[in-house]
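Atoms within each ligand, like the ligands themselves, are counted from 1 in listed order.
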Amino acid sequence: MSPKIRVAIFGSGTGSNAKNLIQHFAHHANVEVSWVLSNKPQALILQHATDAKIPTRIITKEDQANCSTLISELRERKIDWIVLAGYLWKIPAELCAEFPNKIINIHPALLPKYGGKGMYGHFVHEAVNAANEKESGITIHFVNEHYDEGNIIFQAKCSIDENDGPEGIEKKVRALEIAHFPHIVESTILL
Ligand code: GRF
């Protein structure tokens, strides 16, 4: 039997997507979540990993300035793919070069709209709401060295009702994330 494809998840927040990915791949025949990394030591995402007995690592400002140690560790752990699940720091160019078309991100809007620096979490939903958009959704895409500009793998839409507000939009978008992200990651990895 060939070894499983090894995935590292990077995240900065509550980790609902990471938790969903961990559960999805927990008993998968070909893919495993092997490592979970965060730039925030207190982030709940690390707790989800620990609960699932998955090793964790903190990404420091030093890693961000020079990621050669992090890249060596990713090699040592034989990580094949990186999945960004609410990760707020920019991926350094050297790391993008080490994983060409092997880093996947989820963005809580329909790119190319509402992407780029500073467009994350509630800022995205507030901007979508302020623009009176009639729909929003999720974009799952490859990561390159420019924020939110890699090739799009998948999008799903939700309609916005007049009274949704940013919170209502977020709720609908999060439901799409939970429904689609693990399946799209799986089919992309196994392609
Ligand atoms: C999600 O909305 C994701 O699309 C975005 O950041 C949020 C992360 O939430 N990139 P969580 O940490 O997975 O709960």
Side-chain angles (χ1 to χ4, degrees), residues 7-26 33 35-52 54 56-59 64 81-91 95-96 99 102-131 133 135-160 164-186 188:
V7 176
I9 300 177
F10 289 26
S12 309
T14 54
S16 50
N17 282 287
K19 188 177 178 189
N20 195 29
L21 287 161
I22 289 168
Q23 281 170 353
H24 181 84
F25 290 116
V33 177
W35 208 13
V36 173
L37 301 89
S38 179
N39 60 315
K40 287 201 181 158
Q42 308 307 329
L44 213 54
I45 184 173
L46 296 172
Q47 191 56 51
H48 294 315
T50 304
D51 290 347
I54 296 170
T56 62
R57 183 196 195 279
I58 306 299
I59 299 173
Q64 191 68 7
W81 286 80
I82 294 174
V83 175
L84 309 183
Y87 185 61
L88 296 184
W89 281 2
K90 194 161 193 257
I91 297 297
L95 191 50
C96 291
F99 289 85
K102 292 207 159 180
I103 307 179
I104 302 171
N105 183 41
I106 185 161
H107 185 77
L110 297 170
L111 292 176
K113 287 171 114 181
Y114 307 105
K117 202 167 195 298
M119 272 294 169
Y120 61 89
H122 66 100
F123 295 112
V124 176
H125 308 302
E126 274 159 22
V128 169
N129 184 60
E133 293 283 0
E135 59 181 20
S136 191
I138 58 168
T139 303
I140 298 170
H141 65 97
F142 289 114
V143 172
N144 61 22
E145 61 275 27
H146 305 289
Y147 268 114
D148 299 332
E149 285 181 21
N151 286 343
I152 290 174
I153 301 167
F154 173 88
Q155 291 186 307
K157 294 178 180 175
C158 55
S159 60
I160 299 174
D164 279 345
E167 292 77 23
I169 297 170
E170 174 167 15
K171 210 169 162 199
K172 288 177 176 177
V173 168
R174 280 191 171 272
L176 290 176
E177 294 179 347
I178 295 304
H180 295 288
F181 198 26
H183 300 285
I184 300 301
V185 167
E186 179 179 2
T188 305

### Task
Tell me, with the steps shown, if F10 and I103 meet side-chain contact (heavy atoms from CB on, under 4.5 Å).
CA-CA 10 Å; F10 289 26; I103 307 179; over 6 Å; no
### Query
Are any of the N or O atoms of G15 closer than 3.5 Å to those of ligand 1?
yes
### Query
Could a heavy atom of R174 be found less than 4.0 Å from some atom of ligand 1?
yes
### Query
Counting only heavy atoms not in Y120, do more than 12 fall under 6.0 Å of its OH?
no
## Note on the structure
heavy-atom search around atom 6 (O) of ligand 1 in the protein gives G86 CA, 3.4 Å
### Query
Any idea which part of E170 is under 4.0 Å from ligand 1, heavy-atom wise: side chain, backbone, both or neither?
neither
### Task
Apply the side-chain contact (heavy atoms from CB on, under 4.5 Å) test between Y87 and each candidate in I82, I59, I106, I9; give the one that qualifies.
I59
### Top protein contact for atom 4 (O) of ligand 1, by heavy-atom distance
E177 OE2, 2.4 Å
### Task
Please state whether I106 comes within less than 4.0 angstrom of ligand 1, counting heavy atoms only.
yes
## Note on the structure
Test side-chain contact (heavy atoms from CB on, under 4.5 Å), reference I58, set N39, L46, L37, output is L46
### Query
Is it true that atom NZ of K90 has more than 12 heavy atoms of other residues, nucleotides or ligands lying nearer than 6.0 Å?
yes
#### Entry: Residue T14 vicinity, atoms of ligand 1 by number, heavy atom under 4.0 Å
11 (P), 12 (O), 14 (O)
#### Entry: Enclosure of K19 NZ (heavy-atom neighbours >12, cutoff 6.0 Å)
no
### Query
Which ligand 1 atoms does P108 reach within 4.0 Å, using its non-hydrogen atoms?
2 (O), 4 (O), 5 (C), 10 (N)
